[in-house]
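Some notes on the structure that comes next.
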Amino acid sequence: EKGGFPHFMLKEIFEQPECLRNCMRGRVVSRTVETRVMTDGDDTTCKTETEMGVVLSSITDHRQQLLNAKRIIIVACGTSWHAGLIGKQMIENYCRIPVEVEYASEFRYRNPVVTKDDVVIAISQSGETADTLAAIKLAKESGAFIYGICNSIGSSIARETDTGTYIHVGPEIGVASTKAFTGQVTVLILLALAIGKEKGTISENDYQKITEQLWNIPAKMKEVLKLNNKIADLSRTFTYARNFIYLGRGFQYPVALEGALKLKEISYIHAEGYPAAEMKHGPIALIDSDMPVVVIATHNFMYEKVLSNIQEIKARQGRVIAIVSKGDETISKIADEVIELPETLECLEPLLATIPLQLLAYHVAVCKGKNVDQPRNLAKSVTVE
Ligand code: F6R
């Protein structure tokens with residue numbers, strides 16, 4: 001049942017390309033468009049082009065509520081909350097709707113301001129998380145429209161919502177969430193594209209480019225998975241560590257949080273994720289030759305700034321594991337370990353950058369002899385507070 005893999009977690013990491021195909025099936029569609037082009041004289045020829053688009057039935061069915069949302073509040077816990085942080089950036093960029101991302105446990109006890117013009121998105125793999133369920137019940141009382149992003153079909157949260165989108169990644173057995181995270185991020189990207197298109201807040205060019213590149217992500221994920229052996233090797237050299245820092249900016253900041261959570265959960269090494277620029281405001285004091293720092297430093301508009309963070313870490317003898325874009329020559333020279341990712345659009349990079357961090361956590365935990373599928377003190381669904 002583990003499909004030849006030693007653990008469910010590794011199997012589920014490797015399933016991700018297939019899972020995302022399933023998640024996008026019937027939602028990312030292509031159609032052929034014929035346009036008549038005038039040539040010399042009265043002659044016309046036909047030009048055929050393929051256009052890609054996103055179709056989400058939840059949006060077709062609840063257009064009014066979703067397009068008129070004054071604000072979106074995302075409620076979730078743990079890894080699902082990290083996916084929400086990526087969703088916030090996508091939705092704000094492309095739908096121009098303000099988004100707040102809340103820990104469900106804090107939201108439900110805070111007497112939050114919620115109105116009927118709000119859309120609350122609940123993200124939950126299991127669909128049974130007690131705090132997330134309570135948060136949507138509370139939001140419902142204020143008349144907000146509730147949208148669920150779940151994996152388990154027919155789960156309590158799925159039933160409590162007004163509409164939603166299943167991530168369709170199949171059952172996740174490993175306690176540490178892997179394929180559910182990339183599935184949640186994919187659905188949030190689809191949601192942002194679909195709402196942005198309907199509202200006219202995304203340019204046609206961005207809409208086409210992102211949709212096409214998203215469709216190509218599973219193939220690129222397969223390339224990233226080929227790094228498994230390399231990551232297994234380098235993981236062996238980091239089992240000594242008692243602490244890890246993870247840094248990323250923009251779309252990669254939630255990935256840093258997620259990488260740190262994965263390592264904590266299964267290897268029991270203390271790890272913290274930070275937005276890279278926050279390093280100067282405290283965590284830099286922790287850096288010495290014993291401190292591994294995982295930095296996501298792909299080629300995007302923050303590249304130079306993240307590069308200078310790496311230089312600051314190296315100046316203090318920290319050990320840098322850098323996740324870079326293929327062909328990077330600058331960081332490769334200064335980092336201790338370099339993991340190269342295929343190029344994609346910046347907003348889609350989390351789907352690729354997450355994979356080496358999942359593998360790193362997995363291999364470090366295996367090297368330490370830990371039970372990766374059932375880490376101590378953790379349950380797959382947290383149905384009590
Ligand atoms: C982390 C992990 C947890 C869950 C959290 C929410 O690997 O599995 O942090 O993400 O308990 O669970 P769901 O998504 O089922 O609501």
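Given the structure is predicted, the values throughout are model-derived calculations rather than measurements. Just so you know, ligand 1 is whichever comes first in the structure, and atom 1 is the first atom listed for that ligand.
Checking Cys77, Ala104, Ala379 against atom 5 (C) of ligand 1, the nearest heavy atom belongs to Cys77. Looking at Ser177, Gly78, Ser126 and measuring to atom 15 (O) of ligand 1, the nearest heavy atom belongs to Ser126. Closest heavy-atom approach to atom 13 (P) of ligand 1 within the set Thr178, Thr132, Thr129, Thr383: this belongs to Thr129.
Distances below 4.0 Å separate heavy atoms of Ala176 from the following atoms of ligand 1: 7 (O). Ligand-side atoms of ligand 1 in range of Ser80: 10 (O), 13 (P), 14 (O), range being under 4.0 angstrom from any heavy atom.
Distances from ligand 1 to the non-hydrogen atoms of Glu128 include no value under 4.0 Å. Ligand 1 lies nowhere less than 4.0 angstrom from a heavy atom belonging to Ile157. Judged by the shortest distance from any of its heavy atoms, Ser381 lies outside the 4.0 Å radius around the atoms of ligand 1.
Where the criterion is an N or O separation shorter than 3.5 Å, residue side chain and backbone included, Gln184 fails it with respect to ligand 1.
Aromatic ring centres of Tyr274 and Tyr246: separated by at least 6.0 Å. Two rings, from His62 and Phe145, have their centers less than 6.0 Å apart.
At a cut-off of 3.5 Å, with distance as the only test, no side-chain donor of Gln89 or Tyr94 sits close to an acceptor on the other residue.
Criterion: ILVMFWY side-chain heavy atoms under 4.5 Å apart, direct or through other members. Under it, Leu261 and Phe238 are not part of a common hydrophobic cluster.
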Going by atom type alone, with no hydrogens or angles, which donor-acceptor pairs under 3.5 Å involve a side-chain atom of residues 354-365 and a protein atom two or more places apart or on another chain?
from	atom 1	to	atom 2	distance (Å)
Thr354	OG1	Pro350	O	2.6
Gln358	OE1	Gln16	NE2	2.8
Gln358	NE2	Gln16	OE1	3.3
Gln358	NE2	Thr178	O	3.4
Tyr362	OH	His7	ND1	2.7
His363	NE2	Asn228	OD1	2.6

(Q) Checking Glu102 against Arg110 for the salt bridge (charged side-chain N to carboxylate O under 4.0 Å, His left out) test, could you report, in this order, the C-alpha distance in whole Å, the side-chain angles of both residues, the deciding distance, and whether it holds? (A) CA-CA 11 Å; Glu102 298 261 8; Arg110 208 192 46 237; 2.8 Å; yes

